K.L.:
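Okay, handing you the structure first.
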Amino acid sequence: MTHVLHRSIAHHYPTAASGAGIVIRDAAGKDYIDASGGAAVSCLGHSHPDIIQAMRAQLDQLEYAHTSFFTTQVAEELADDLTAHAPPGLGHVFYVSGGSEAIEAALKLARQYFVEIGQPQRRHLIARRQSYHGITLGALAIGGRALPRKAFAPLLIETHHVSPVYDYRERRTGETPEAYGERLARELDDKVNELGGDTVIAFIAETVVGATLGAAPPVPDYFKRVREICDRHGILLILDEVMCGMGRTGTLHACEQDGVSPDLMAIAKGLGGGYAPIGALLLQDKIFKALADGSGAFQHSHTYTGHPLACAAALAVQRVIRRDNLLANVREQGARLSRRLQERFGNHPFVGDVRGRGLFQGIEIVADRGTKEPFDPARKVHARIKQEAMARGLMVYPMGGTVDGTRGDHVLLAPPFIIDAAAVDTIVERLGEAVDAAASA
Ligand SMILES: Cc1ncc(COP(=O)(O)O)c(C=O)c1O
């Protein structure tokens, strides 16, 4: 009998006992290849000696100092490191303990910015359908999936949603990717105009949509057009790179590949690689300046903001990624993973699409390739795939509701950046068996 309120009360979870490299071993001695980094977290795999060493060294010095009394050297060094490698203008960092907290901070900072600069009438937030931004009330409110919002609807702030970039299902026959992106940009512009351009605070989007769409990348120029629209209306662009950022797509920030720099960027997961709970919000200099010239403080903080142990872990993770040139490996093994997935699933009767960037790849499961009809949600194909994969010693991150929040299934892959070619091949082989078993059951 467990006293833990687990994610699913009826489910029996194996006990994770140890980890090494890309493998987690359970208490019964069974090994699992971590092909999803948990939920796109473990970018350096498990038990990396250099990260553990850096964390030990920090513990030997100082475990904690409250940020209302002190700063710490490690928090300063990490902020120097993050801003030195950030997209242009993102010159300051606000620390939190995870993705949802980063999003909450982004929403509040965006609102406070406009209060500081004398535009308190700005009150609307625009996000996209089928997005996931976290589970706390603000993050849930901007999240674009109807089902998880339903029970909490009376508690949620008002938000507005436009279409995501969902090339596989929502780009029209004969429409080029560029024309599709333009159509989506116009939809955003129309929404802004409908609400009144000077009443909108921010547009928020995942650069590459992770958990809810299964590694769906933007089409060319989409974010450039979004950036133009935001600038024209004086709206802040918030990019949620909690899952797709910090190297996962082959560049440190996913938006580098789209040629845009956001006003606020949320990062987490791969920032600390699972070695400690840490997230961060990167902010443009103009936002910092508005606070500095205005009230002088962001009206937001947590007890564990800038925790020294978490900062030490994140700093070590980022240094190892650079020292070992791991982004090159993300690009190389990402290309191999994409190729192998195409080979295995390109003509699979139950896989409609293979997509992604770098080591952030997804497959969309369908009942019929021709019509793109999804499986009946009652069959819970995604859950079966997870079960079949675990039985074969493979961790992947499947999710249901891909199409509209209720129908559809996909599988997300996000293996550690240290992965090699042989492991990529094994992952695809085991995933193939798991999909075959689950879809035909
Ligand atoms: C894009 C995105 N934003 C925010 C979050 C929330 O992060 P956390 O679970 O650390 O609160 C997630 C988590 O999966 C995410 O994928």
Side-chain angles (χ1 to χ4, degrees), residues 7 36-43 94-110 125 127-145 148-149 152 159 161 164-166 202-218 223 237-249 253-255 258 262 264-282 302 304-305 307 310 313-314 317 356-362 382 386 395-402 405 410-414:
R7 284 180 178 241
S36 57
V41 175
S42 302
C43 56
F94 180 78
Y95 291 121
V96 290
S97 298
S100 301
E101 282 188 11
I103 296 298
E104 297 292 336
L107 301 182
K108 283 184 68 183
L109 185 51
L125 296 164
R128 302 191 302 186
R129 282 190 285 109
Q130 294 302 91
S131 53
Y132 184 74
H133 296 295
I135 211 72
T136 50
L137 288 174
L140 193 60
I142 55 162
R145 283 169 33 114
R149 293 163 50 102
F152 304 98
T159 53
H161 291 90
V165 184
Y166 189 4
F203 173 61
I204 177 162
E206 292 167 76
T207 314
V208 178
V209 184
T212 47
L213 279 185
F223 273 111
L237 173 60
I238 304 174
L239 288 184
D240 180 347
E241 297 215 354
V242 165
M243 196 177 239
C244 65
M246 302 318 289
R248 173 73 31 219
T249 63
H253 305 290
C255 62
D258 300 287
L264 292 163
M265 180 157 65
I267 55 174
K269 298 189 187 268
L271 171 60
Y275 287 84
I278 184 165
L281 182 64
L282 274 58
H302 296 282
Y304 290 126
T305 293
H307 193 285
V317 167
R357 261 190 199 173
L359 282 175
F360 199 43
Q361 298 284 326
H382 60 281
K386 187 168 180 178
M395 292 162 58
V396 293
Y397 199 64
M399 178 84 91
T402 321
H410 65 261
V411 181
L412 185 66
L413 296 168

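Because the structure is a prediction, the values reported are computed rather than measured. Numbering of ligands and ligand atoms starts at 1, following listing order.
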K.L.:
Considering residues at least two apart in sequence or located in another chain, which fulfil the side-chain hydrogen bond (donor to acceptor under 3.5 Å, both in side chains) criterion with Glu241?
P.N.:
Thr207
K.L.:
Might you point out which heavy atoms bring Arg128 and Ser131 nearest each other, and give the distance in Å?
P.N.:
O-OG, 2.6 Å
K.L.:
Considering residues at least two apart in sequence or located in another chain, which fulfil the side-chain hydrogen bond (donor to acceptor under 3.5 Å, both in side chains) criterion with Ser36?
P.N.:
none
K.L.:
Could you give the distance from CG (Leu107) to CG (Leu281), rounded to the nearest 0.5 Å?
P.N.:
9.5 Å
K.L.:
Side chains of His302 and Val96: does their closest heavy-atom pair fall under 4.5 Å?
P.N.:
yes
K.L.:
Tell me every residue that passes ring-ring contact (aromatic ring centres under 6.0 Å, His included) with Tyr95, counting only those two or more places apart in sequence or in another chain.
P.N.:
none
K.L.:
Who's touching ligand 1 if we go heavy atoms under 4.0 Å?
P.N.:
Gly98, Gly99, Ser100, Tyr132, His133, Gly134, Glu206, Asp240, Val242, Met243, Lys269
